[in-house]
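Letters A, B, ... are given to chains in the order of the sequence lines, protein chains preceding strands, and every chain is numbered from 1. The structure presented is a predicted model; accordingly, all values stated were derived computationally and were not measured.
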Protein chains: 2
Amino acid sequence: MAATAQPSADRSALRDAVSLRLQGAGQRRTPTRDAIVDVLAGAGRPVTIPEILDADDSLAQSSVYRNLVMLEQAGVVHRIVTNAEFARFELAEDLTGDHHHHLICVQCGAVEDAPASALIERAVHQAIDEVERATGFRTTTHRIDLVGLCVDCAA
Amino acid sequence: MAATAQPSADRSALRDAVSLRLQGAGQRRTPTRDAIVDVLAGAGRPVTIPEILDADDSLAQSSVYRNLVMLEQAGVVHRIVTNAEFARFELAEDLTGDHHHHLICVQCGAVEDAPASALIERAVHQAIDEVERATGFRTTTHRIDLVGLCVDCAA
DNA sequence: ATTCGTGCAAATAGTTTGCAGCAGA
DNA sequence: TCTGCTGCAAACTATTTGCACGAAT
């Protein structure tokens, strides 16, 4: 399963990597930021701000919002905007080393991770090359979402 | 170029197709709705509500919002939510027969269409099959975005 | 001592909605 | 006539921000 929490051995390595990026952005490592990163690392899927607040009620809403903006700029987290009421956040893929796509349920708004297949990645990169040659667009990331019904809602 | 306005010959065919879907959703065809569809059809890329209002200033903001919700439910338009301040709307792909992906500029928020290559579509569908078998997720659409710098912002 | 993160509460802004008038069936 | 679309203005809500306090350097 791709959607399982990391073993805690990886957790401190992750924190260090995060620390490094924060320093790179001229920012400190704080308990609040560690807590947010912990929640994201433990979720195994993109989470909303209410979910983060529920997971750790020592956090203040405004601090979570503020720090997520920060962490996004520092390249630590990635913001995912869907049609659902809340935005979702996940750790940057180059921190976790886990490139994946998203399964987005149109009914309930749930978002799950799905592992990226080598096949599709190869095809995407080829397509990116084509697009760059044709349009001059400089691609830094790509995003592939499958939109449909999750197992629960399909039932 | 994929990003060019349709010839006006297609325009009436498009209106008829839209008409049909509105009827299917138990809704009328109105001048406001025609106007919105026209703007979307003429743009060649996903547009924001302010852009729609600018393009046709006989439209009231609330009506545009309300009708876009309607048109989305009727399967006529598709809402695209990005990190930018405004949501964007485009005609449903199965109405225009034009499957494409998006080039999203992280700097200025511009969104352009890019034609979908056969290669990538084949790979994606294969991946979708894998995911459905593995997870039980029922995919109805997919979405591929290339995120990076547009020609202007790369300069 | 000074800089920066935190938390509360207030402000902002995209989007939604109540209601009265009007148009199409 | 009657249903339902329109447009104005007011309401809503996710997110942002001002400000004063506390922590870290």
Side-chain angles (χ1 to χ4, degrees), chain A residues 15 18-19 21-40 46-74 76-90 108-109 111, chain B residues 15 18-40 46-74 76-90 109 111:
Chain A
R15 285 198 177 181
V18 170
S19 231
R21 297 214 177 178
L22 286 176
Q23 281 177 32
Q27 298 290 337
R28 290 179 191 163
R29 171 177 173 179
T30 70
T32 306
R33 289 166 191 177
D34 273 353
I36 293 174
V37 170
D38 277 357
V39 174
L40 295 184
V47 296
T48 63
I49 270 109
E51 283 171 352
I52 295 174
L53 293 173
D54 282 349
D56 187 335
D57 54 359
S58 71
L59 298 172
Q61 189 186 51
S62 65
S63 293
V64 173
Y65 273 106
R66 209 154 7 201
N67 279 302
L68 282 171
V69 170
M70 240 282 335
L71 291 166
E72 193 182 13
Q73 286 171 347
V76 174
V77 310
H78 177 212
R79 180 190 301 236
I80 299 166
V81 196
T82 68
N83 295 16
E85 44 188 350
F86 295 102
R88 289 178 178 271
F89 297 84
E90 67 184 353
C108 69
V111 180
Chain B
R15 285 197 176 180
V18 169
S19 232
L20 224 57
R21 297 213 176 178
L22 285 176
Q23 281 177 32
Q27 298 290 338
R28 289 181 191 161
R29 170 177 173 179
T30 70
T32 306
R33 289 165 191 176
D34 273 352
I36 293 174
V37 170
D38 277 356
V39 174
L40 295 184
V47 296
T48 64
I49 270 108
E51 283 170 352
I52 295 174
L53 293 173
D54 283 350
D56 187 334
D57 53 359
S58 71
L59 299 172
Q61 189 186 51
S62 65
S63 293
V64 173
Y65 273 107
R66 204 148 18 194
N67 280 302
L68 283 172
V69 170
M70 241 282 332
L71 292 166
E72 193 182 12
Q73 286 171 348
V76 175
V77 310
H78 178 213
R79 180 191 302 238
I80 300 165
V81 198
T82 67
N83 297 16
E85 43 188 351
F86 296 101
R88 288 179 179 271
F89 297 84
E90 67 184 354
V111 179

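B:T48 comes within 4.0 angstrom of no nucleic acid atom, judged by non-hydrogen atoms across all strands.
When all heavy atoms are compared, the tightest approach of B:P46 to B:V111 is CG-CG1, 3.8 Å. Considering all non-hydrogen atoms of both residues, B:F89 and B:L40 come closest at O-CD2, 3.5 Å.
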Side chains of residues 25-32 of chain A: which donor-acceptor pairs under 3.5 Å do they make with residues two or more places apart or in other chains?
unit_1: A:R29; atom_1: NE; unit_2: A:D34; atom_2: OD1; d: 3.3
unit_1: A:R29; atom_1: NE; unit_2: A:D34; atom_2: OD2; d: 3.1
unit_1: A:R29; atom_1: NH2; unit_2: A:D34; atom_2: OD2; d: 3.4
unit_1: A:T30; atom_1: OG1; unit_2: A:R33; atom_2: N; d: 3.2

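Over its length, the helix from C:dA1-D:dT25 to C:dA25-D:dT1 turns its helix axis by 30°, as judged from the five terminal pairs at each end, rounded to 10°.
Remark: P of D:dT6 and CG of B:L53 are 14 Å apart, rounded to the nearest angstrom. For B:R79 and C:dG14, the CZ to P distance is 14 Å, given to the nearest whole Å. As a whole-Å value, the separation of A:Q61 CD from D:dT15 C1' is 8 Å.
Proximity of residues 22-33 of chain B to DNA chain D (heavy atom under 4.0 angstrom from any strand atom) is restricted to B:Q27, B:R28, B:T30, B:T32, B:R33. Near DNA chain C, meaning a heavy atom under 4.0 Å away, the residues from residues 64-74 of chain A are A:R66, A:N67.
Atom CZ of A:R21 is separated from atom CD of A:Q23 by 13.0 Å, given to the nearest 0.5 angstrom. The CG atom of A:L59 lies 11.0 Å from the CG atom of A:D54; values are rounded to the nearest 0.5 Å. Taking CZ of A:R15 as the start and CG of A:L22 as the end, the distance is 12.0 Å to the nearest 0.5 Å. The distance from the CG atom of A:N83 to the NE2 atom of B:H78 is 6.5 Å, given to the nearest 0.5 Å.
Every residue meeting the side chain to side chain contact (heavy atoms under 4.5 Å, CB included) condition with B:E51, not counting sequence neighbours, appears here in chain and number order: B:R45, B:V47, B:T48, B:R88.
Positionally, the nearest nucleotide of DNA chain C for B:E85 lies more toward the 5' end than for the other of B:S62 and B:E85.
Identified under the side-chain hydrogen bond (donor to acceptor under 3.5 Å, both in side chains) test for residues 56-66 of chain B, with sequence neighbours left out: B:D56-B:S58.
Taking 4.5 Å as the limit, every side-chain heavy atom of A:V77 sits out of range of all side-chain heavy atoms of A:I36.
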